[in-house]
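Scope of the values below: all heavy atoms of this structure, side chains included, with no hydrogens, waters or symmetry mates. A quick note: this is a predicted structure, and the numbers were derived from the prediction, not measured.
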Amino acid sequence: MKITDGNGADIVDTALYYVMDARGCVGNCGSWWAPKGAGYVCNIDSAGQYAGADVRSMRATDVPWPVAYVLERTVRHVRVDSQAFERRDDQRPKPRTTRAKVAP
């Protein structure tokens, strides 16, 4: 049974925690429990928040971190699919107009 959080502080049954899967990460992002234990997410905004009473019985590799502690240290990345962009200005590369010569 867990008695301390990732900081080494006693778990408070009524406090809220994010739960990190300490077995690995995705790139430089932690792997967090999704709401209702429905898998894992990398985006902390999509992660579940669990009461201390619930995190006590989790696996040794599941590390509860106080919600405020995590949010104070959260870095949000803007993710954009650059393939969805189509430049229409005059700065886009010009198409090649010469063809390679093929030897006979």
For residues 6-15, please give each side-chain donor-acceptor pair under 3.5 Å, one per line with the distance, not counting sequence neighbours.
unit_1 : atom_1 : unit_2 : atom_2 : d
Asn7   : OD1    : Tyr69  : OH     : 3.4
Asp13  : OD1    : Arg56  : NE     : 2.6
Asp13  : OD1    : Arg56  : NH2    : 3.1

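- Residues Ser31 and Tyr40 share a closest heavy-atom pair of OG-CB, 3.4 Å.
- With sequence neighbours excluded, the residues forming a side chain to side chain donor-acceptor pair (under 3.5 Å) with Tyr18 are Gln49, listed by chain and number.
- In this structure, the salt bridge (Lys or Arg N to Asp or Glu O under 4.0 Å) partners of Arg76, at least two apart in sequence or on a different chain, are Asp45.
- Under the 4.5 Å side-chain heavy-atom criterion for Ile, Leu, Val, Met, Phe, Trp and Tyr, Val67 and Val19 are members of distinct hydrophobic clusters.
- When all heavy atoms are compared, the tightest approach of Gly30 to Cys25 is CA-CB, 4.4 Å.
- Checking side-chain atoms of Tyr50 against main-chain N and O of Pro64 turns up no donor-acceptor pair under 3.5 Å.
- Taking a 4.5 Å side-chain heavy-atom cut-off between Ile, Leu, Val, Met, Phe, Trp and Tyr, the cluster of Val26 contains only that residue.
- Placement of Val41 and Ile44 within a single hydrophobic cluster is found when ILVMFWY residues are connected by side-chain heavy-atom separations under 4.5 Å, directly or transitively.
- Pro35 approaches Ala47 most closely through the heavy-atom pair CD-C, 4.0 Å.
- Thr61 pairs by the side-chain contact (heavy atoms from CB on, under 4.5 Å) definition with Asp21, Arg23, Arg59, not counting sequence neighbours.
- A search for side-chain contact (heavy atoms from CB on, under 4.5 Å) contacts involving Met20 returns Trp32, Trp65, not counting sequence neighbours.
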